[in-house]
Amino acid sequence: MQIYLYLASYVLLIIGISIYLAKSSTAEDFLIGGRNRSGWTILFSKFAGAIGVSTLITYTGYAYKFGWGLFAMSIGSVIGYLLFAFWAAPKIKNLSIQGTFYTQGDLPAFVTGNKHTSLVTNIITVIVQFFWILLSLAGGAKVIEFFGLFSYDTSLIITATVVLIYVMFSGFKAVMITDIIQALIIICFLGLLIFNMLELKELQTVLTTKTNENVELGSIIGLVLYGGLSVFGLADRYQLCYAAKDIRSLKKGLSLAIIPVLLVAFLLLIVGLYVYQQNSGLDPDTVFIFAMQNLVASTWIPLLVVLFFAGLMSTADTSVFAVSSHLIPPSSEKEKVKSIRYATIITVIVAFISAHFWKSIVDITIVGAALRMTLSIAMIYVIRSKKNSGRFIASALGGVVGLLIGLIAFGPKPTIAITVLLGSLLGLIYRSK
C-alpha cells in the first residue's frame, strides 16, 4: 500500500506543477520555454534528458558484461558534450535569434535557404525521438510489472497518461522545470540503491572486479562515435539552445551537464560489477532489476521503484514534446500550441500501441542510438554555415542508408554506428547546384 501512496504523490506533484506553470505561461513559454532559461535549468534539463530507462538498464548491463569497458562510450560523450557546448551551441543560439527557431529543422532551412532540408530533418527527428519514447514506456512498464504493482499494459497506460497530461498543459516549459526535479531524483535514487547494496569497505573490491568478456574493437569504435556524435543529432539539444537566455548560460549548462552524466555512469558501473560478483550468469538486460529486487532491503523497494519511475519520465517527456513539436506545420504561435497538443495525444497513443508489441529494451536502445547519429554529420555541416542543401540532404539520407546496411550486416550491435558515419560522410560528396 505504501508504494501506491508514494507513486500517487509523485504523479500529483508533477501534474500540479504543470498546471501551476500553465496559469502564467505564454505561447512562447509553451513552445520553447520562453527563451529565458538559466544555465542551471539548461544543465539539469540536459542531464535529465540524457539519463532515462535505457541508460539505467543498458549501462548497468554493459558494466556487468564489460566492466570498465563501459567508459568507451563516456570518452566519446565527454568530447561530444564539450564540443557541442563551446563550439556548436553559441553558433546555434546566434542563428536562432536571427531566425526565431522552434524545431531542429528550422536551422538547416535558415542556413541553406531550402525548406526541403527542414522537412527531411524533422521527419528523421520524429523517428529518432519516437524510439526513445518507446524505451521509456517499455522499460518503465517492465520494471513496474516485474515488482507486481501493475500489469505491463496498465503500467504503460499510467506512464503515458501522466506524460500526456503535463506536456499538454505547459509544453516545453513544463518539460524543463520538471527535469530539474527528475534530475535530482535520479541521483538520489542511485545513491540510495548503492548505499543499501554494499558497504564502503567493499567498494575497492567491487571496482577491481574483472568480467569474462572484453569489448570488441568494432563495438568500442561504435560506442565512442555514438558518444561523440549523437549530441549533434538530437532535437532536444537544439531546443535547449533556442530556450537559453544567453550564450553564457548555454555554455555553462551544456558543458557542466557532463559531470552528473559521468557520475551516473560510475554509479551504474558499481551496480553492474557488484551484481556480477553475486551472480555472473544473468541476462545483462535484467541486471539493474535484479539489483533492485535482490540486493536491497525490502523496506526500501517502494521508494526506489517510485524514484525509478520518476527517472523514466525525464526522458519520456522530452521525447514526447520533441516528436509533437516536429510533427506540426509552420503557423502562428497560437495555432502551434493548439497543434502540438493534438500531436501530443496522437504521439502518446501510437507510442503506447508500439510499446505493447515491441518490448525488447536492448534492441530498441541500440537501434535508437544509431538513429541518433543519422543527422549528426549533416547538422555539423550547417552549423559550420555551409549552405549547399544537396549535401545536407544527401548526408542525412546517407546516414539512414548506412543504418539500414549496418542492421543487415551486423544486426543491432554498436558496430552499426560505423556504417551510419560512413553513409553520412559519403553523402557530403553530392553537391546540388
Any sub-3.5 Å donor-acceptor pair from [X]'s side-chain atoms to [Y]'s backbone N or O?
X	Y	answer
S118	A109	no
W40	I180	no
S324	F321	no
N122	L119	no
T209	V206	yes
T112	P108	yes
H326	A322	yes
T374	V400	no
S255	A85	no
K93	L250	no

What's the separation between atom [atom1] in [X] and atom [atom2] in [Y], rounded to the nearest 0.5 Å?
X	Y	atom1	atom2	result
L327	T347	CG	OG1	5.0 Å
L13	I181	CG	CD1	5.0 Å
L137	I158	CG	CD1	12.0 Å
K245	T41	NZ	OG1	9.0 Å
I42	C241	CD1	SG	7.5 Å
Y64	T60	OH	OG1	12.0 Å

Quick one: does NZ or CZ of R35 land under 6.0 Å from the six-membered ring centre of F172, within 45 degrees of the ring axis?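 No, a cation-pi geometry is absent between R35 and F172.
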Listed by chain and number, what are the side-chain contact (heavy atoms from CB on, under 4.5 Å) partners of L164, not counting sequence neighbours?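 L164 satisfies side-chain contact (heavy atoms from CB on, under 4.5 Å) with M168, T344, I345, V348 once adjacent residues are dropped.
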Nearest atoms (heavy-atom pairs only) where [X] meets [Y]:
X	Y	value
S9	L5	OG-O, 2.8 Å
L134	A355	CD2-N, 3.6 Å
S38	S249	C-CB, 4.1 Å
A63	G272	CB-CA, 4.1 Å
T211	G67	OG1-N, 3.6 Å

Are the side chains of [Y] and [X] in contact, using a 4.5 Å heavy-atom criterion?
X	Y	answer
F288	L268	yes
L254	Y81	no
I177	R37	yes
I14	D317	no
T121	F392	yes
I259	L256	yes
S45	L240	yes
D179	T318	yes

Flag for [Y]-[X]: side-chain donor and acceptor within less than 3.5 Å:
X	Y	value
Q239	S325	yes
S151	T154	yes
Y276	K65	no
Q104	T125	yes

Take F47 and I258 through the test side chain to side chain contact (heavy atoms under 4.5 Å, CB included) and record every step on the way to the result. CA-CA 8 Å; F47 165 67; I258 192 61; over 6 Å; no
Apply side chain to side chain contact (heavy atoms under 4.5 Å, CB included) to D236 and Q129, showing your working. CA-CA 9 Å; D236 58 289; Q129 298 290 161; 3.5 Å; yes
Knowing that exactly one of F110, Y242, Y238, Y102 qualifies, which makes a side-chain contact (heavy atoms from CB on, under 4.5 Å) with S96?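 Answer after filtering F110, Y242, Y238, Y102: Y242.
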Is the CH2 atom of W87 crowded by more than 12 outside heavy atoms at less than 6.0 Å?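 Result for CH2/W87: enclosed.
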Give a yes or no on whether K252 atom NZ has more than 12 heavy-atom contacts from other residues, nucleotides or ligands under 6.0 Å away.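 It does: K252 NZ has more than 12 such atoms within range.
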With sequence neighbours left out, what residues match T161 under side-chain hydrogen bond (donor to acceptor under 3.5 Å, both in side chains)?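 Checked T161 against side-chain hydrogen bond (donor to acceptor under 3.5 Å, both in side chains); zero matches.
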